[in-house]
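Remarks on the structure that follows.
As a basis for the values below, the full set of heavy atoms in this structure was taken, side chains included, without hydrogen atoms, waters or symmetry mates. Just so it is clear: chains get the letters A, B, ... in the order the sequence lines come, proteins before strands, and each one is counted from 1.
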There are 2 protein chains.
Amino acid sequence: MAELQLRSPGRQPTIRDVAELAGVATSTVSRALSNPGRVNRVTRERIEEAAAQLNYIPSSQARGLSSGRTQTVAVLVPDITNPFYFDIIRGTQHQLKAAGYTQLLVDTEESAEMEADALQKMRRSADGFILAASRLTDAQLAEAAAQQPLVTINRAPAIAPTVVIDTPSAIIQALEHLVSLGHTRICFVGGPATSWSNAKRWQAFQEETAERKLTTFSVGPFPPKTTSGAAAADAAVHTGATACIVFNDLLAIGMLQRLRERGIRVPEDMSIVGCDDIFGADFCNPPLTTMASPIEQAGRVAVSMLLSSLNPQYGGTSRRLAVMPTHLTVRASTGAAPER
Amino acid sequence: MAELQLRSPGRQPTIRDVAELAGVATSTVSRALSNPGRVNRVTRERIEEAAAQLNYIPSSQARGLSSGRTQTVAVLVPDITNPFYFDIIRGTQHQLKAAGYTQLLVDTEESAEMEADALQKMRRSADGFILAASRLTDAQLAEAAAQQPLVTINRAPAIAPTVVIDTPSAIIQALEHLVSLGHTRICFVGGPATSWSNAKRWQAFQEETAERKLTTFSVGPFPPKTTSGAAAADAAVHTGATACIVFNDLLAIGMLQRLRERGIRVPEDMSIVGCDDIFGADFCNPPLTTMASPIEQAGRVAVSMLLSSLNPQYGGTSRRLAVMPTHLTVRASTGAAPER
DNA sequence: CAATTTTTGGCAATCGCTTGTCATTGTCGT
DNA sequence: ACGACAATGACAAGCGATTGCCAAAAATTG
């Protein structure tokens, strides 16, 4: 009777139960399950059958403890409710799942501190990190990258492997588009000061306007939310610009709403170009001209880069930089410059 | 020299290092950190200081292995890119984090199979589950609930503890609103057949239209995506209805786009009421009349319910049902019925 | 057919922590 | 001042896997 009690019925089956049922040692079960080549085919099949019969699922805890790998990757995003990140998240999720990894999603709430904190707290529980639009300083990032494998998205490639979405080149396309519509007073509406993308976009904007001998206007920084759109719109209007290139779609959509409230017609009185082509950009009013890119793919690529550095054997010369192309999607929020 | 080599410098500090530095046994460190009352205050402070000095982070793996608890809750949603779930996710994330839990987010891609699968695969690695808009059958759900602690969102309360968003009552408000605008031919545009919410909404719709002696129209089921909106719009128009109550906002927004394409004016020719008040409902064209509710709070409440069943000591009589209120938010997509 | 190499599978240590048990110490009541 | 009791901290046994090492068996070779 005592023996029967030893293994209480509600218990989860362990590798030992499987080994017993299959008549082999636990080490063999372990190998059969995670290192198929190492075990005879018939033995393996017997083990697999036993495992299936017991409905055995290995404990990731125990596995992680002894192997040192958790098969988990943490994905840090500044704002989980910003649609821009949905596609990234979906991309990473897909790719990680396909590789047998678990995704740990963390919302860092646009805070560098929370980001650094999460990086510390989770260094034991994740094999690697993907930082989307990190708000860390270069120094912080370098420190983090030295401690653990990590891939960034939209960040300078010098510090860590990165996937950048080539919005600067799209800025040029956008400017060209606006200039061709007759605009000469074009305003850049800036996003978060700590955002690397924002800096790059602003830089591209400055260079290109200088090139074209246009006066350079800018307002900002603004938090990348629709609710900041009102302030952004008012500031932009005040510059006297007839067109805006906006840090991202969220902000642009907020501006659209405010301009409508104020009776400023888009695009008749003011043209607006957003960035990212997020969910909503196609059905807002008017539909937003914006810079689109394969964001989901950016997430996928980031995962590939991370995994290939995590598992060097699977090779794939681990690149340090991937650039995602971008193109301008023209909708109804841009039009000819108003007559002066 | 050998001793120095034993602890390689790049290693993560363990509880043993802390114990050594503080001059106590590992068990004492463990207790000091996770069971404060069990250890003298000065000892505890010494330990905490040592831990801080070493930058010690306990391994969640090891902790989970020996304690049997993972401090992790898995949140399963049918579609991670559906904005409806953002707020749920954010709510659960907040509440879980506050309680020291980690959230594991899983996208089940609207598939009952993937859902059941995730539930199985993760039963070892999560202490509990939150199923948002589960697509499981009652039987599957009951089985899952028997195996592990779980809370559902928008699901029949009989099977497992649940948080329901009271959209059926909002359906009544919506009908009242439409009737007051003179509509008599009102069509219900259905969502996924396996969705419990959809069934409840449809039921409420039927009962209420019967009550008011209105003809009951319906079309569907449609997948809850904007891309299904075109088919839904065409079908709804074909019924001859002058107003639609749509399963959710995603679908409703898709319909809005299609109606616009076809030159059917909203609300002059057709009124549309959505459901959930998701991101985008306020800035689509025209802004959508919809049924709003505190969705983020629903996520929070679900977590509370789950945690109180996980940690009975923290008490809080664990309710089996929480109902979130809903109200109609009238925007521009509803208007007076057209003259016949 | 003996000698050698390759496969295969078992033993047992180990990962880092929790926790039941127990010995030690200090505090009280009488 | 002595025994009872509470408070504190140490010991050591796991938790469920992985993996280095080794021996037995099988396959290959000369």
Kindly indicate whether the side chain of B/I80, heavy atoms from C-beta on, has any atom under 4.5 Å from the side chain of B/L105. yes
One would report the end-axis bend of the helix from C/dC1-D/dG30 to C/dT30-D/dA1, five pairs per end and rounded to 10 degrees, as 20°
Using whole Å, report how far CG of B/L65 lies from C1' of D/dG16. 5 Å
Can you check the B/N35 CG to D/dA7 P distance for me, whole Å? 14 Å
In terms of side-chain geometry, is the basic nitrogen of A/R135 or A/D79 positioned less than 4.0 Å from the acidic oxygen of its partner? no
Distance, rounded to the nearest Å, where A/E20 contributes CD and D/dG16 contributes C1': 15 Å
Looking at every strand, decide which applies to B/S30 at a 4.0 Å heavy-atom threshold: base, sugar-phosphate, or nothing. base
Should the pair A/E48-A/R44 be classified as a salt bridge under the 4.0 Å nitrogen-to-oxygen rule? yes
Test side-chain hydrogen bond (donor to acceptor under 3.5 Å, both in side chains) applied to A/Q103 - qualifying residues, sequence neighbours left out: A/T92
Is any side-chain heavy atom of B/T108 less than 4.5 Å from a side-chain heavy atom of B/V77? no
Could you pull out all residues at least two apart from A/D87 that satisfy side-chain hydrogen bond (donor to acceptor under 3.5 Å, both in side chains)? none
Within this structure, what is the OH-to-C1' distance between B/Y56 and C/dG16, rounded to whole angstrom? 7 Å
Take atom CZ of B/R63 and atom P of D/dG16, then tell me their distance rounded to the nearest Å. 18 Å
note: B/L33, atom CG; C/dT19, atom P; distance rounded to Å ~ 13 Å
Excluding sequence neighbours, so at least two apart, what forms salt bridge (charged side-chain N to carboxylate O under 4.0 Å, His left out) with A/E45? A/R41
note: A/Q71, atom CD; D/dA17, atom P; distance rounded to Å ~ 15 Å
With sequence neighbours excluded, tell me which residues meet salt bridge (charged side-chain N to carboxylate O under 4.0 Å, His left out) with A/E49. none
Using nucleotides 23-28 of chain C, report all nitrogen or oxygen pairs with the protein that are shorter than 3.5 Å.
none

Less than 4.0 angstrom between a side-chain N/O of A/R69 and OP1 or OP2 of D/dT19, yes or no? yes
Counterpart residues, side-chain contact (heavy atoms from CB on, under 4.5 Å), relative to B/A74 (two or more places apart): B/L76, B/L104, B/M122, B/A126, B/F129
All side-chain hydrogen bond (donor to acceptor under 3.5 Å, both in side chains) counterparts of A/T28, not counting sequence neighbours: none
Validation: residues 52-63 of chain B side-chain donor-acceptor distances under 3.5 Å, sequence neighbours left out:
from: B/N55; atom 1: ND2; to: A/Q120; atom 2: OE1; distance (Å): 3.3
from: B/S59; atom 1: OG; to: B/Q61; atom 2: N; distance (Å): 3.3
from: B/S59; atom 1: OG; to: B/A62; atom 2: N; distance (Å): 3.0

Going by the rule ring pair (Phe, Tyr, Trp, His ring centres under 6.0 Å), which residues pair with A/Y101 if we only count those two or more places apart in sequence or in a different chain? none
Does B/R300 reach the main-chain N or O of B/G91 with its side chain, forming a donor-acceptor pair under 3.5 Å? no
Is there side-chain contact between A/V164 and A/R155, with heavy atoms separated by less than 4.5 Å? no
Could you identify which residues of residues 48-55 of chain B place a heavy atom less than 4.0 Å from some atom of DNA chain D, listed by residue number, or say none? none
Can you tell me the distance, in whole Å, between the CD1 atom of B/I15 and the P atom of C/dC17? 5 Å
Has A/S67 got a side-chain N or O lying under 4.0 Å from the OP1 or OP2 atom of D/dT18? no
If the sugar-phosphate is the primed atoms plus P, OP1 and OP2 and the base is the rest, what is the B/S/- string for nucleotides 8-14 of chain D, using protein heavy atoms under 4.0 Å? BBBBB-B
